[in-house]
Engineer: 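One structure follows; several queries about it will come next.
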Amino acid sequence: MKSNDARPAPVSQDRVRAIDWLRGIAVLFMIQTHALALLTPELRKTVWVGRLLKIDGLVAPAFIFSAGFATALLMVRSAAGGVLRERVRRNLRRIGEVLAVATLVNWAWFPLLKEPVWIFRMDILQCVGVCLLIVMPVAALLASRPRLLSAVAFLLAMATFAVSPFGELVTGPWATLTNKSSFAPFPLLPWLGFAWLGAFSGTMAGAWGRAGLAKALVGLAVLGFAGMMAGDFLYSLYPPHRFFVANPSNSAVRFAWVCTVLLGLMWLEARVPAGSQPSRLRRFVEVFGTSSLSAYFFHEMLLFYRTFGVFSFQRFWGDRSDWPQYWLLLAALILLTYLLCVVTDRVERVVRPALRGLGDRVTRRAPSS
């Protein structure tokens with residue numbers, strides 16, 4: 001008897017370059033956002049900075065959406081190829097890397113050894129890692145049934161956004177996961193919702209190819225802009241809360257724009273001739289898209305951490321740059337981050353296979369039970 005969830009094999013095993021480009025563009029805007037600390041306090045209060053910050057508000061949704069997308073896409077494709085178990089192990093290692101870097105960044109800013117509580121601070125990397133720990137088991141369990149997985153992911157996304165305003169009522173330790181604060185700049189509410197939407201879209205791409213993904217993104221964009229129009233109504237449904245933090249309408253407009261940008265990038269990708277050599281601009285963006293974790297770490301260290309207790313962009317130029325100097329410093333920061341990502345990627349290509357080979361040799365030599 002055939003399952004009602006029967007479907008053809010994935011249309012393509014090719015990488016969805018548009019997602020890499022989305023991540024790469026998000027990295028560039030992330031660096032620009034953090035580099036605003038170099039401007040004078042007066043300039044940071046100007047209209048132009050306010051306009052920049054509206055665009056920058058799409059960075060975190062794009063990152064978390066992309067993480068959920070990649071997880072579900074790989075789970076669905078791996079299930080179809082019969083290698084799901086191996087993929088789950090690889091994804092768990094990757095999540096471990098995200099959380100390890102998140103802890104390292106926290107250690108750079110806070111005294112983890114004296115006050116271990118700082119290890120639980122929920123910044124963007126911690127949020128991404130925890131979101132993936134929640135999304136991946138569901139995606140792996142339902143990967144062989146993509147219709148069900150897509151429906152579950154979509155419903156969980158909507159439920160997460162719907163309950164987010166109530167997160168501000170939570171107090172005590174659990175507030176770290178539900179309520180934005182200085183200790184939790186990125187709690188699970190509402191950010192987990194973007195991971196579920198990414199999982200929904202990744203499932204559509206994995207099972208039904210680019211056509212399925214395009215339909216999903218168009219539907220999400222329409223839904224998101226409708227939610228934006230219903231802002232006053234959605235606000236009235238809840239107890240008083242911070243609209244631009246937790247209201248479903250605020251989340252809706254963010255995922256609507258993320259999906260719209262991704263649709264535009266898919267349109268561009270479809271017009272790249274098959275087998276053509278990537279342009280320098282494309283290679284530049286893809287380095288950030290495929291090395292976003294490294295880019296996050298390196299630009300943070302260059303910008304704020306005093307290497308050898310001496311150098312950081314913030315130390316020499318923080319709070320005292322005008323616009324021309326800001327753009328020059330931003331270009332230098334992006335270039336240095338890019339170079340460090342390239343070097344790290346090349347080192348990883350050598351080290352990772354060597355470590356895997358060493359692990360395989362140890363496994364073969366281990367006595368059987």
Side-chain angles (χ1 to χ4, degrees), residues 3-8 10-11 16 18-19 22-23 60-81 84 87-88 91-92 94-95 98 127-164 167 177-178 186-224 226-227 248 251-263 266:
S3 166
N4 291 332
D5 204 33
R7 53 152 174 79
V11 172
V16 182
I19 278 288
L22 178 67
R23 265 195 301 250
F63 271 128
I64 300 172
F65 178 96
S66 299
F69 180 99
T71 298
L73 176 73
L74 293 173
M75 292 297 108
V76 170
R77 287 180 172 178
S78 298
L84 181 60
R87 172 54 64 180
V88 168
N91 271 38
L92 283 173
R94 182 60 176 170
I95 294 171
V98 172
C127 182
V128 170
V130 175
C131 284
L132 292 182
L133 285 176
I134 294 171
V135 169
M136 197 190 71
V138 177
L141 182 65
L142 302 178
S144 60
R145 305 180 65 189
R147 293 186 191 276
L148 179 59
L149 175 55
S150 61
V152 168
F154 178 80
L155 291 175
L156 288 173
M158 295 300 105
T160 302
F161 294 135
V163 303
S164 291
L177 300 177
T178 66
F186 291 92
L188 292 181
L189 299 180
W191 300 106
L192 178 59
F194 295 102
W196 284 122
L197 284 185
F200 163 72
S201 302
T203 301
M204 298 296 291
W208 294 284
R210 298 179 188 277
L213 173 58
K215 290 178 181 178
L217 294 177
V218 169
L220 290 177
V222 171
L223 178 63
S251 297
V253 70
R254 293 191 189 205
F255 71 69
W257 279 115
V258 168
C259 292
T260 300
V261 171
L262 185 53
L263 280 168
M266 287 180 63

Engineer: Nearest heavy-atom pair of A67 and L132: which atoms, and what distance?
Structural biologist: O-CD2, 3.6 Å
Engineer: If you define the side chain from C-beta out and look only at heavy atoms, does anything of W257 sit under 4.5 Å from P61?
Structural biologist: no
Engineer: Salt bridge (Lys or Arg N to Asp or Glu O under 4.0 Å) with R94: which residues, sequence neighbours excluded?
Structural biologist: E97
Engineer: Should M75 and L142 be marked as a side-chain contact (heavy atoms from CB on, under 4.5 Å) after you check the CA-CA gap, both sets of side-chain angles, and the distance that decides it?
Structural biologist: CA-CA 9 Å; M75 292 297 108; L142 302 178; over 6 Å; no
Engineer: Going by heavy atoms in the side chains, are S66 and L22 under 4.5 Å from each other?
Structural biologist: yes
Engineer: Checking side-chain contact (heavy atoms from CB on, under 4.5 Å) for the pair V135/L156: CA distance, chi angles, key distance, verdict?
Structural biologist: CA-CA 10 Å; V135 169; L156 288 173; over 6 Å; no
Engineer: Given side chains that start at C-beta, do those of W196 and L155 come closer than 4.5 Å, heavy atoms only?
Structural biologist: no
Engineer: Is there a side-chain contact (heavy atoms from CB on, under 4.5 Å) between I19 and L73 once you walk through the steps?
Structural biologist: CA-CA 11 Å; I19 278 288; L73 176 73; over 6 Å; no
Engineer: For residues 198-206, which side-chain N or O atoms pair as donor and acceptor with protein atoms under 3.5 Å away, sequence neighbours left out?
Structural biologist:
from: S201; atom 1: OG; to: L197; atom 2: O; distance (Å): 3.1
from: T203; atom 1: OG1; to: A199; atom 2: O; distance (Å): 2.7

Engineer: Using every non-hydrogen atom in the two residues, find where T160 and P190 come nearest and quote the distance to one decimal.
Structural biologist: CG2-O, 4.0 Å
Engineer: Apply ring-ring contact (aromatic ring centres under 6.0 Å, His included) to F255 and list each qualifying residue two or more places apart in sequence or on a separate chain.
Structural biologist: F161
Engineer: Quick one: closest heavy-atom pair of A256 and T260, and the distance?
Structural biologist: O-OG1, 2.8 Å
Engineer: Minimum heavy-atom separation for A79 to S144, with atom names?
Structural biologist: CB-N, 4.0 Å
Engineer: If you look at every heavy atom in C259 and L220, which pair is closest and at what distance?
Structural biologist: SG-CB, 3.7 Å
Engineer: With heavy-atom distances below 4.5 Å as the criterion, would you say the side chains of K215 and W208 are in contact?
Structural biologist: no
Engineer: Show the nearest heavy-atom pair for residues L149 and A143, with the distance to one decimal.
Structural biologist: CD2-CA, 4.2 Å
Engineer: Once you round to the nearest 0.5 Å, how far does CE of M136 lie from CG of L92?
Structural biologist: 3.5 Å
Engineer: Between V128 and W191, does the side-chain contact (heavy atoms from CB on, under 4.5 Å) criterion hold? Intermediate values first, please.
Structural biologist: CA-CA 9 Å; V128 170; W191 300 106; over 6 Å; no
Engineer: Looking at SG of C131 and CG of L192, how far apart are the two atoms once the value is rounded to the nearest 0.5 Å?
Structural biologist: 4.5 Å
Engineer: OG/S251 to CE/M158 distance, rounded to the nearest 0.5 angstrom?
Structural biologist: 9.0 Å
Engineer: Side chain of T178, backbone of G167: donor and acceptor closer than 3.5 Å?
Structural biologist: yes
